[in-house]
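Single-structure report; data block below.
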Protein chains: 2
Amino acid sequence: MFDLASYLPYLLNRAGTRIADAFTEVLRPHGITLTMWRVLAALDHEDGQRMGQIATLTSIEVSTLSRLVDALERKKLVERRRPTARGGGADARAVTVHFTAAGRRLTQQLIPTALDYETIALDGFSAAETRQIKALLLRLFHNMDRLDAAERTPARGRTLAAE
Amino acid sequence: MFDLASYLPYLLNRAGTRIADAFTEVLRPHGITLTMWRVLAALDHEDGQRMGQIATLTSIEVSTLSRLVDALERKKLVERRRPTARGGGADARAVTVHFTAAGRRLTQQLIPTALDYETIALDGFSAAETRQIKALLLRLFHNMDRLDAAERTPARGRTLAAE
DNA sequence: TATTGTTATACTCTATAACTATA
DNA sequence: TATAGTTATAGAGTATAACAATA
């Protein structure tokens, strides 16, 4: 009736926890946590994003993110800026987050290892299977997204590109 | 080069977070957290497991689990027992965790909703795709498992049935 | 000596809401 | 009024290690 080993949220949690734990060990000597890495990865995706965008992209709470960016600023890996008005209507409430040179360097240094771990996780998967699982995970995410929308929950992280 | 939207750990984290957040809302009125639910689900899988087994199955730290079981006992949902010697060599260090009647009742009540959420997440997936993503997640888990074994890390949660 | 589980401490993340400064 | 971000506080989970009881 309720078979844990074929229950999807369980499988997701197990697989996700394992990869997260393994990569946390990689990050440790660099003095950053997995959550910090998620912010750096989001900035690599697009530098100069606003706090809200980063929260959405990473599924990190805005209040958590705010203190996380404090910590990353203390480590001189990122910096906050108030967007200037040139070239368009700047919202003075907004804050954008930018790599420092050191932050970009560290991120570029870690990306190959991050990709290595993805490769390890996908060991034995064919190219077709790799594409398949990524596509299925994306669909799964969007299904939950629609549920949030239906419930009018102001869900965090609703804007992952539809592809 | 580093495309976040096709980076597997990111997709896993996003999909997992979404399902977890949604089900946490379901659990809230019942006064239990998602982590508590994982313990109840593990007990439904097999009642009377030892602390170590439950930690392994749920990927919850033993020390976290110990206080979690304290809380579940206070809620009268589970109870600890020291295994008795009859029928085999009982280890007096061990502690087993068992449903109370109320705990079993609550779990049975929540399982259909849990399955509903799985159905929502898999909305639009064919039976073949459903089987596929579960099989792929299981393989992914075992790949990380082998990595832990190779590094001789005393990983938590290494014993998910191989199927 | 090693293992099972408990406890203690400090830290991280979450949840909620109050707060500021803009819009 | 609403929104973007910060800050405060309490709760929940993790990490680490020390500990008691037993093997």
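So that the names make sense, note that chain A is the first sequence line, chain B the second, and so on, each numbered from 1. Below, all heavy atoms of this structure are taken into account, side chains as well, without hydrogens, waters or symmetry copies.
Put simply, CG on B/D21 is 11 Å from C1' on C/dA15, counting in whole angstrom units. In this entry the distance linking CD of B/Q53 with P of C/dG5 reads 8 Å, nearest Å. Look at CD1 on A/I60: it is 16 Å from C1' on D/dG13, rounded to the nearest Å. Following rounding to the nearest Å, B/R81 (CZ) and C/dT4 (C1') show an atom-to-atom distance of 19 Å. Rounded to a whole Å, the NZ atom of B/K75 is 8 Å from the P atom of D/dA12. Between the CD atom of B/E61 and the P atom of C/dT4 there is a distance of 15 Å, rounded to whole Å. Remark: P of C/dG5 and CD of B/E73 are 14 Å apart, rounded to the nearest angstrom. Between the CE atom of B/M51 and the P atom of D/dT22 there is a distance of 17 Å, rounded to whole Å.
B/Q49 places no side-chain N or O within donor-acceptor distance of the main-chain N or O of B/T96, the cut-off being under 3.5 Å. Side-chain N or O atoms of B/K75 include one that pairs as donor or acceptor with a backbone N or O of B/G31 at under 3.5 Å.
Counting any heavy atom pair closer than 4.0 Å across all strands shown, B/L65 reaches no nucleic acid atom. Note on A/V62: a base of the nucleic acid sits closer than 4.0 angstrom, heavy atoms only. Residue B/R50 is classed as a sugar-phosphate contact, given heavy-atom separations below 4.0 Å to backbone atoms only.
The B/R67 side chain lies nearest to D/dA15 when the options are D/dG5, C/dT14, D/dA15.
Both B/Y7 and B/L11 are members of a single hydrophobic cluster when ILVMFWY side chains are connected at heavy-atom separations under 4.5 Å.
Less than 4.0 Å separates DNA chain C from at least one heavy atom of each of the following residues of residues 25-48 of chain B: B/R28.
Using a 4.5 Å heavy-atom threshold, the side chains of A/L12 and A/L140 count as touching. Side-chain atoms of B/V69 and B/I54, non-hydrogen and from C-beta on, never get closer than 4.5 Å to each other.
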- Could you run down nucleotides 17-23 of chain C 5' to 3' and tag each one B, S or - for protein heavy-atom contact under 4.0 Å? ----BBS
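In terms of heavy atoms, B/W37 sits closest to B/A114 at CZ2-CB, 3.8 Å.
Ion pair A/E118/A/K134 flagged as a salt bridge, since at least one NZ, NE, NH1 or NH2 atom sits closer than 4.0 Å to an Asp/Glu carboxylate oxygen. Here A/D47 pairs with A/R104 in a salt bridge; the nearest charged N to carboxylate O distance falls below 4.0 Å.
Residue B/S66 places at least one side-chain N or O under 4.0 Å from the OP1 or OP2 atom of C/dT6.
Within the cation-pi definition used here (under 6.0 Å to the ring centroid, within 45° of the axis), A/R139 qualifies as a partner of B/F125.
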